[in-house]
K.L.:
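My questions will all concern the structure given below.
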Number of protein chains: 2
Amino acid sequence: MTENTTAYSDIDEKDLEILEQVENDFDVGLETLSQGLGLSKSAIHYRIEKLKENGIIEGVTADVDPLALGLEMVSITDVSVTHEEGYSENIGEKITTISGVEQVFYTMGDVDFVVVSRVQTRDQLNDLIEEIVAIDGVNETSSKFVMEEFHGARNVTENLTRAARDTILDS
Amino acid sequence: MTENTTAYSDIDEKDLEILEQVENDFDVGLETLSQGLGLSKSAIHYRIEKLKENGIIEGVTADVDPLALGLEMVSITDVSVTHEEGYSENIGEKITTISGVEQVFYTMGDVDFVVVSRVQTRDQLNDLIEEIVAIDGVNETSSKFVMEEFHGARNVTENLTRAARDTILDS
DNA sequence: AATGAAATCGACCAGCA
DNA sequence: TGCTGGTCGATTTCATT
């Protein structure tokens with residue numbers, strides 16, 4: 001085995017700590033991070049910049065509560081397609097552009113796409129599903145309502161298993 | 001009908017524009033927002049503060065790229081449970097706490113939970129599924145691999161249909 | 001609720017280990 | 001290359017409208 005050269009871009013423990021914090025709340029401020037890690041504010045700043053440049057931090061965004069905008073209806077739609085050529089990618093992207101669609105997964109198995117969508121009303125959901133069906137190559141759809149959502153740890157760093165952490169730090 | 005009193009907390013068009021921007025990239029800066037909206041920087045600041053206080057902006061967070069941390073393996077697991085009492089909530093939360101689990105949906109239908117998880121290796125996935133099965137009340141699981149992910153518009157505001165926008169602005 | 005001025009915090013520059 | 005301390009610019013807060 002030729003040593004671990006996977007491109008974890010030299011993430012060390014301090015970087016991981018920073019990631020854990022800012023992934024939860026970017027407003028913590030350099031001061032707090034600085035005190036918690038025993039580094040100067042500038043150092044923290046540079047580390048965050050580097051994490052952005054290396055694409056580890058993809059961006060800093062405001063998280064908007066869907067419920068606050070009336071998007072109370074979540075559904076999961078299984079989509080199967082007719083398997084010609086390599087149209088699958090194309091279909092996936094088309095589904096993504098439909099208004100109300102949040103996530104699209106292309107999966108192995110009899111169900112080809114799993115689509116998570118979020119809308120305000122049942123009418124909007126009907127429209128959305130019709131738009132999926134209208135896509136060329138879409139074969140069959142089957143939807144289920146989401147009654148409750150446990151949006152657990154969306155945080156990548158908090159979700160790391162011990163093994164995963166170790167792999168990253170052994171770089 | 002007694003007029004629309006749904007708690008959209010007086011969101012106006014300018015608020016929606018701000019939300020669209022900061023949901024994509026919080027680093028845009030007050031200057032840019034100020035120019036784009038024809039308001040002073042302070043005014044923008046206060047509006048953002050208010051959106052946070054009202055819970056419309058749940059927080060500002062750094063988005064970490066899972067791939068950068070080696071989390072390349074995504075899977076969707078359908079979980080059915082034995083229907084006794086109101087244990088469902090409990091089970092949902094237990095699943096959420098499992099390391100590697102990203103999202104849990106409690107749905108209507110024969111499949112009770114849909115679980116999206118993200119891990120580094122197949123071993124980690126096996127462990128994760130074993131942990132789900134070990135939960136009291138879990139009946140059966142069935143997993144599929146995700147080959148491609150179209151993480152389309154995660155942005156709530158961009159995903160609003162015209163109808164949804166109108167509903168919000170008519171407050 | 002919005003504005004402009006004052007205090008505070010983050011971004012950048014140069015020197016240093 | 002990465003950290004520190006200081007300066008500049010941006011953000012936050014204050015007093016006022």
Side-chain angles (χ1 to χ4, degrees), chain A residues 3-65 68-69 157 165 168-171, chain B residues 4-65 68-69 157 168-171:
Chain A
E3 184 178 357
N4 194 343
T5 21
T6 38
Y8 293 128
S9 305
D10 305 314
I11 298 173
D12 64 10
E13 290 182 48
K14 301 206 183 219
D15 288 323
L16 268 183
E17 279 187 57
I18 293 172
L19 285 175
E20 280 176 32
Q21 294 258 8
V22 297
E23 204 183 6
N24 272 318
D25 177 18
F26 196 83
D27 290 337
V28 280
L30 296 182
E31 189 72 38
T32 313
L33 291 168
S34 167
Q35 288 168 359
L37 289 173
L39 283 175
S40 73
K41 290 198 286 182
S42 310
I44 305 282
H45 172 71
Y46 281 121
R47 276 170 178 266
I48 292 177
E49 281 300 301
K50 199 175 174 187
L51 289 166
K52 284 181 184 172
E53 279 170 23
N54 292 344
I56 293 153
I57 293 178
E58 294 174 317
V60 177
T61 58
D63 302 323
V64 176
D65 180 15
L69 299 183
T157 44
R165 275 187 76 98
I168 292 164
L169 293 176
D170 293 347
S171 58
Chain B
N4 193 344
T5 23
T6 38
Y8 294 130
S9 305
D10 304 313
I11 299 173
D12 64 10
E13 290 183 47
K14 298 200 186 227
D15 288 322
L16 267 184
E17 280 187 56
I18 292 172
L19 286 175
E20 281 176 32
Q21 293 259 6
V22 297
E23 202 183 8
N24 272 318
D25 177 17
F26 196 82
D27 289 337
V28 280
L30 297 182
E31 188 72 38
T32 312
L33 292 168
S34 168
Q35 289 168 358
L37 289 174
L39 283 174
S40 75
K41 293 195 281 184
S42 308
I44 305 282
H45 172 70
Y46 279 120
R47 276 171 178 264
I48 292 176
E49 281 301 301
K50 199 175 174 187
L51 288 167
K52 284 181 185 171
E53 279 170 21
N54 292 345
I56 293 154
I57 292 178
E58 294 174 317
V60 177
T61 58
D63 302 322
V64 176
D65 179 15
L69 299 181
T157 44
I168 292 165
L169 293 176
D170 293 347
S171 59

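The sequence lines fix the lettering, A, B, ..., with proteins before strands; numbering per chain opens at 1.
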K.L.:
Within this structure, what is the CG-to-P distance between L51(A) and dG2(D), rounded to whole angstrom?
P.N.:
11 Å
K.L.:
Between D27(B) (CG) and dT11(D) (C1'), how many Å, whole number?
P.N.:
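D27(B) atom CG is separated from dT11(D) atom C1' by 13 Å.
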K.L.:
Rounded to the nearest Å, what distance is computed from the CD1 atom of residue I48(A) to the P atom of nucleotide dA11(C)?
P.N.:
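After rounding, the gap between these two atoms is 8 Å.
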K.L.:
Please report the distance, rounded to the nearest Å, between CG in L37(A) and C1' in dT4(D).
P.N.:
16 Å
K.L.:
Quick check: are there more than 12 heavy atoms from other residues, nucleotides or ligands sitting under 6.0 Å from CD of E49(B)?
P.N.:
yes
K.L.:
Judged by modelled atom types alone, do E20(A) and T157(A) share a side-chain donor-acceptor pair under 3.5 Å?
P.N.:
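The criterion, which ignores hydrogens and geometry beyond distance, is not satisfied for T157(A) and E20(A).
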K.L.:
On DNA chain D, does the nearest nucleotide to K41(B) precede the nearest nucleotide to K14(A) from the 5' side, or the other way round? Give the residue.
P.N.:
K14(A)
K.L.:
Does the distance from a Lys or Arg side-chain N to an Asp or Glu carboxylate O, for D27(A) and K52(B), drop under 4.0 Å?
P.N.:
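Yes, charged N to carboxylate O under 4.0 Å.
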K.L.:
Return yes if a side-chain donor-acceptor contact under 3.5 Å exists between Q21(A) and E17(A), otherwise no.
P.N.:
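Short answer, no.
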K.L.:
Between I44(A) (CD1) and dG2(D) (C1'), how many Å, whole number?
P.N.:
13 Å
K.L.:
If I take atom CZ in residue R47(A) and atom P in nucleotide dG2(D), what distance separates them, rounded to the nearest angstrom?
P.N.:
8 Å
K.L.:
Separation of E49(A) atom CD from dC13(C) atom C1', in whole Å?
P.N.:
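In whole Å, dC13(C) C1' lies 14 Å from E49(A) CD.
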K.L.:
Any side-chain N or O of H45(A) under 4.0 Å from OP1/OP2 of dG10(C)?
P.N.:
no
K.L.:
dT11(D), dA11(C), dC3(D): which one has an atom nearest the side-chain heavy atoms of A43(A)?
P.N.:
dC3(D)
K.L.:
Is there a donor and acceptor pair closer than 3.5 Å between the side chain of S42(A) and the base of dG5(D)?
P.N.:
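Per atom types, the contact qualifies.
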K.L.:
Please report, rounded to the nearest Å, how far the C1' atom of dT17(D) is from the OH atom of Y46(B).
P.N.:
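Atom OH in Y46(B) sits about 13 Å away from atom C1' in dT17(D).
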K.L.:
Closest approach to the side chain of K50(A), judged atom by atom: which nucleotide of dA11(C), dT13(D), dG2(D) is it?
P.N.:
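Minimum distance to the K50(A) side chain belongs to dG2(D).
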